[in-house]
Trainee: 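The structure is given below, and queries will be raised subsequently.
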Amino acid sequence: MSFSCYPLFSAALFFEFFLLSFLALLPSSDCLVNVTRGRIPRELSVNFYAKSCPQVDQIVASVTSEQFREAPVSAPATIRLFFHDCFVEGCDASILISTRQGSKDLAERDALDNKELAVEAFESINKAKALVESKCPGVVSCADILAIAARDFVHLTGGPYYQVKKGRWDGKFSMASRVPSNIPHSNSTVNELLRLFSSKGLTLEDLVVLSGAHTIGFSHCKHFVDRLYNYKGTKQPDPAIDPRLLKALKMSCPQFGGNTDIVAPFDVTTPFSFDNAYYGNIESKLGLLASDQALSLDPRTKPLVQALAKDKQKFFLAFAAAMDKMGSIGVKKGPRHGEKRRDCSMHM
């Protein structure tokens, strides 16, 4: 799995992948989920803004729904943005900060691992923040708006709707140097992923469940091209790729000199629907990334992959709880540790 690989959308994108149209499409449906488990700091509350900005969820929803209609790629892009934010310095919107002009110290969003973050994700948050500020100036943090927007986009693509606990403050620091060691990569082993997730207070189950976010979104060829031509230096394809998928991917991603803007869907069966097809895909050797495919091969993670592949409702419930839990990582509280930005791209 890699949270560093969601998306720029390319118009040339899907011809080869619809060669796989003989693969069965899986249905998707909406689901309302009330999250009750997971370790959440006491200062976070669903009703945190009940008096100061009671309509914040509805205000953000008015923006995310419009953004989704105009630019569907905003959905996987914003979910990815939330993941990257929480895994580096905690869920504090530090990923939204722009590097100061002339500064030698790059902000998180300018780290190499974040260079492919789609502009649509930042646009979604900026639009939502502007509208919230017009209704409730100086009240709602960028970090909370990002958490709400990520939930909205999960739901808009067919996934569960869950209550978002709020009360985060925005981080005062944003450093690109902190990104590489805190972001999962496309070639990460299960051991490496487990160590990283454990360092964030997340479990093996959280790893497998949150990897299910790859039920939507896309990855650039460079993140999986070695699997197609020279897996682990063997000069052969990864044997854990279905031959039909291998052929289709090679058509879009030559070993050398390909179009760097071309992307492929993580989920080749239902690339635009938030469902549990991701798990059935990796069971069938249809995983795009080596880190995704590894989850179906490792004896520690395989049983959960199998269980989630069989039960979409189980996945939805688990995903909502895991997002709730991830959303508590490194939460900042109060002016000593955080700030409330009026412009999400600039420190106060």
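Just so it is clear, the model here is predicted, and its values are computed rather than measured.
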Trainee: Testing Arg69, Gln67, Glu66 for side chain to side chain donor-acceptor pair (under 3.5 Å) with Ser74, which one passes?
Mentor: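 Testing each of Arg69, Gln67, Glu66 against Ser74, the sole residue satisfying side chain to side chain donor-acceptor pair (under 3.5 Å) is Gln67.
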
Trainee: Check for me, please, whether Ile183 and Leu194 land in the same ILVMFWY cluster - side-chain distances under 4.5 Å, paths through other members count.
Mentor: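 Yes, Ile183 connects to Leu194 through the hydrophobic network.
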
Trainee: Applying the salt bridge (charged side-chain N to carboxylate O under 4.0 Å, His left out) test to Asp144, which of Lys166, Arg168, Lys165 qualifies?
Mentor: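 Among Lys166, Arg168, Lys165, the one that satisfies the salt bridge (charged side-chain N to carboxylate O under 4.0 Å, His left out) with Asp144 is Arg168.
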
Trainee: Is there a side-chain contact between Tyr278 and Asp292 (heavy atoms, below 4.5 Å)?
Mentor: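 In short, these two side chains touch, coming nearer than 4.5 Å.
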
Trainee: Between Phe274 and Phe319, does the ring-ring contact (aromatic ring centres under 6.0 Å, His included) criterion hold? Intermediate values first, please.
Mentor: CA-CA 11 Å; Phe274 197 102; Phe319 187 80; 5.0 Å; yes

Trainee: Identify whether Val46 and Val164 are in the same connected component of the hydrophobic contact network (ILVMFWY, side-chain heavy atoms under 4.5 Å).
Mentor: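 As far as the 4.5 Å side-chain criterion goes, Val164 and Val46 are not connected within one cluster.
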
Trainee: To check you understand the geometry: which heavy-atom pair defines the closest contact between Ser141 and Asp170, and what is its length?
Mentor: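 Heavy-atom minimum between the residues: CB-OD1, 3.4 Å.
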
Trainee: So, does Asp92 use its side chain to make a donor-acceptor pair with the main chain of Lys332 at under 3.5 Å?
Mentor: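 Not at all, since once roles are kept as given, no pair shorter than 3.5 Å links the two residues.
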
Trainee: Quick check: do Phe315 and Pro160 have side-chain heavy atoms less than 4.5 Å from each other?
Mentor: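 They are not in contact (no side-chain heavy atoms under 4.5 Å apart), so the answer is no.
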
Trainee: Run Met346 and Arg341 through side-chain contact (heavy atoms from CB on, under 4.5 Å) and show every step you take.
Mentor: CA-CA 7 Å; Met346 297 175 61; Arg341 296 184 220 129; 5.9 Å; no

Trainee: Among Pro72, Pro76, Pro265, Pro271, find the one that has a side-chain contact (heavy atoms from CB on, under 4.5 Å) with Ile216.
Mentor: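 In the set Pro72, Pro76, Pro265, Pro271, the residue that makes a side-chain contact (heavy atoms from CB on, under 4.5 Å) with Ile216 is Pro76.
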
Trainee: Would you say Leu297 and Leu308 are hydrophobically clustered, going by side-chain heavy atoms of ILVMFWY under 4.5 Å?
Mentor: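 No; Leu308 is not reachable from Leu297 via cluster members.
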
Trainee: Report the relative orientation of the aromatic rings in His214 and Phe266; use parallel for angles under 30°, tilted for 30 to 60°, perpendicular for over 60°.
Mentor: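 The arrangement is parallel - the two ring planes meet at less than 30°.
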
Trainee: side-chain contact (heavy atoms from CB on, under 4.5 Å) between Leu245 and Lys285: does it pass, once the steps are laid out?
Mentor: CA-CA 9 Å; Leu245 178 60; Lys285 296 186 175 183; over 6 Å; no

Trainee: Strictly distance-based, threshold 3.5 Å: is any side-chain N or O of Ser134 a donor or acceptor partner for the main-chain N or O of Leu131?
Mentor: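 Confirmed, Ser134 side chain pairs with Leu131 backbone.
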
Trainee: Applying side-chain contact (heavy atoms from CB on, under 4.5 Å) to Thr301 and Leu193, what does each step give before you reach the verdict?
Mentor: CA-CA 11 Å; Thr301 52; Leu193 292 171; over 6 Å; no

Trainee: Examine distances only and state if a side-chain atom of Ser296 and a backbone atom of Ile282 form a donor-acceptor pair shorter than 3.5 Å.
Mentor: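 Side chain of Ser296 to backbone of Ile282, a donor-acceptor pair under 3.5 Å: yes, one is there.
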
Trainee: What are the two closest non-hydrogen atoms of Leu96 and Cys142, and how far apart are they?
Mentor: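 Scanning both residues completely, I find the closest heavy atoms to be CD1-CB, 4.1 Å.
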
Trainee: Decide if atom NZ of Lys247 counts as having more than 12 heavy atoms of other residues, nucleotides or ligands within a radius under 6.0 Å.
Mentor: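 Open: at most 12 neighbouring heavy atoms sit under 6.0 Å from NZ of Lys247.
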
Trainee: CG of Leu304 to CG of Asp206: how many Å apart, nearest 0.5 Å?
Mentor: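 Output value for this atom pair is 10.0 Å.
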
Trainee: Taking all heavy atoms of Ser291 and all of Ser188, pick out the closest pair and write down the distance.
Mentor: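 Looks like CB-O, 3.6 Å.
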
Trainee: Do we see a donor-acceptor contact under 3.5 Å between the side chains of Arg80 and Asn114?
Mentor: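 There is no such pair (donor and acceptor under 3.5 Å, judged by atom type) between the side chains of Arg80 and Asn114.
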
Trainee: Any non-hydrogen side-chain atom of Val179 less than 4.5 Å from a side-chain atom of Ile95?
Mentor: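 No; the side chains remain at least 4.5 Å from each other.
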
Trainee: Quick one: does Ser174's side chain have a donor or acceptor within less than 3.5 Å of a partner on Ser94's backbone?
Mentor: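 Answer holds: yes.
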
Trainee: Atom CZ of Arg109 and atom CD1 of Ile97: how far apart are they, to the nearest 0.5 Å?
Mentor: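 Separation between the atoms: 9.0 Å.
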
Trainee: Drop me the distance from Ser177's OG to Glu108's CD, to the nearest 0.5 angstrom.
Mentor: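 The OG atom of Ser177 sits 9.0 Å away from the CD atom of Glu108.
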
Trainee: Glu133 side chain to Gly138 main-chain N or O, any donor-acceptor pair under 3.5 Å?
Mentor: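 Pair found, side chain donor or acceptor close to backbone of Gly138.
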
Trainee: Assess whether a salt bridge exists between Lys222 and Glu116, defined as any Lys/Arg side-chain N lying under 4.0 Å from an Asp/Glu carboxylate O.
Mentor: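 Looking at Glu116 together with Lys222, the answer is yes, because their closest N to O distance falls below 4.0 Å.
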
Trainee: Flag the pair Met175 / Glu89 as yes when at least one side-chain heavy-atom distance between them is below 4.5 Å, and no otherwise.
Mentor: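 Contact flag for Met175/Glu89 side chains = yes.
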
Trainee: Less than 4.5 Å apart, side chain to side chain, heavy atoms only: is that true for Ile329 and Leu202?
Mentor: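 In contact.
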
Trainee: Hey, is the main chain of Asp105 close enough, under 3.5 Å, to the side chain of Ser103 for a donor-acceptor pair?
Mentor: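 Pair found, side chain donor or acceptor close to backbone of Asp105.
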
Trainee: Scan side-chain atoms only and decide if Asn47 and Ser45 contain a donor-acceptor pair under the 3.5 Å cut-off.
Mentor: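 Short answer, no.
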
Trainee: Short question: side chain of Thr64, backbone of Phe153 - any donor-acceptor pair under 3.5 Å?
Mentor: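 Here the side-chain-to-backbone pair does not exist.
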
Trainee: For residues Cys344 and Lys129, report the shortest heavy-atom separation together with the two atoms involved.
Mentor: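 What the structure gives for the nearest pair is SG-CG, 3.6 Å.
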
Trainee: Under the side-chain contact (heavy atoms from CB on, under 4.5 Å) rule, what do Met326 and Lys200 come out as? Steps first, then yes or no, please.
Mentor: CA-CA 8 Å; Met326 187 186 76; Lys200 310 299 178 186; over 6 Å; no

Trainee: So, for Ala150 and Ile79, which heavy atoms are closest and what is the spacing to 0.1 Å?
Mentor: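 Here Ala150 and Ile79 meet closest at O-CG1, 3.9 Å.
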
Trainee: Check for me, please, whether Leu289 and Val225 land in the same ILVMFWY cluster - side-chain distances under 4.5 Å, paths through other members count.
Mentor: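 Yes, Leu289 and Val225 fall within the same hydrophobic cluster.
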
Trainee: So with a 6.0 Å cut-off around CZ of Arg300, is the heavy-atom count from everything else above 12?
Mentor: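 Check passes, neighbour count above 12.
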
Trainee: Can you confirm whether Ser219 sits close enough to Phe224 that some side-chain heavy atom of one is under 4.5 Å from a side-chain heavy atom of the other?
Mentor: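 They are in side-chain contact.
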
Trainee: Determine whether Asn276 and Lys314 satisfy the following criterion, side chain to side chain donor-acceptor pair (under 3.5 Å), listing intermediate values before the conclusion.
Mentor: CA-CA 9 Å; Asn276 64 331; Lys314 178 182 178 70; over 6 Å; no

Trainee: Any chance NZ of Lys172 has more than 12 other-residue heavy atoms, nucleotides or ligands included, within less than 6.0 Å?
Mentor: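 Yes.
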
Trainee: Decide whether Leu146 and Val139 are clustered together by the hydrophobic rule: side chain heavy atoms of Ile, Leu, Val, Met, Phe, Trp, Tyr closer than 4.5 Å, transitively.
Mentor: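 Linked within one cluster.
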
Trainee: If you round to the nearest 0.5 Å, how far is CZ of Arg227 from CD of Gln236?
Mentor: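 With rounding to 0.5 Å, CD (Gln236) is 14.5 Å from CZ (Arg227).
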
Trainee: Looking at every non-hydrogen atom in both residues, tell me the closest pair between Val60 and Ala128 and how far apart they are.
Mentor: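 Nearest pair, atom of Val60 first, then Ala128: CG1-CB, 4.3 Å.
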
Trainee: Please check if the side chain of Thr78 supplies one atom and the backbone of Ala75 the other of a donor-acceptor pair under 3.5 Å.
Mentor: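 Side chain of Thr78 to backbone of Ala75: no pair is present.
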
Trainee: In Å, rounded to the nearest 0.5 Å, how long is the span from OG of Ser284 to CD of Gln293?
Mentor: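 One gets 9.0 Å once the value is rounded to the nearest 0.5 Å.
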
Trainee: Rounded at 0.5 Å granularity, tell me how far NZ in Lys127 sits from CD1 in Ile145.
Mentor: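 Answer for the NZ-CD1 pair, Lys127 versus Ile145, is 14.5 Å.
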
Trainee: Donor-acceptor check, side chain of Asp110 to backbone of Ser98, threshold 3.5 angstrom: yes or no?
Mentor: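 No: the side chain of Asp110 does not pair with the backbone of Ser98.
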
Trainee: Give me the ring orientation class for Phe87 and Phe83: parallel if the planes are under 30° apart, tilted from 30 to 60°, perpendicular past 60°.
Mentor: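 Answer is parallel, since the angle falls under 30°.
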
Trainee: Where do Tyr161 and Phe316 land on the ring-ring contact (aromatic ring centres under 6.0 Å, His included) test, with the steps shown first?
Mentor: CA-CA 9 Å; Tyr161 185 92; Phe316 279 8; over 10 Å; no

Trainee: Please examine the side chains of Lys325 and Thr203, heavy atoms only from C-beta on, and report whether any two atoms are closer than 4.5 Å.
Mentor: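 Result yes, sub-4.5 Å side-chain heavy-atom pair found.
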
Trainee: Is there a donor-acceptor pair closer than 3.5 Å between any side-chain N or O of Arg151 and the backbone N or O of Tyr162?
Mentor: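 Judged by distance alone, yes, a pair lies under 3.5 Å.
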
Trainee: Val140 versus Ile148: any side-chain heavy-atom pair under 4.5 Å?
Mentor: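 SC-SC contact between Val140 and Ile148 ruled out.
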
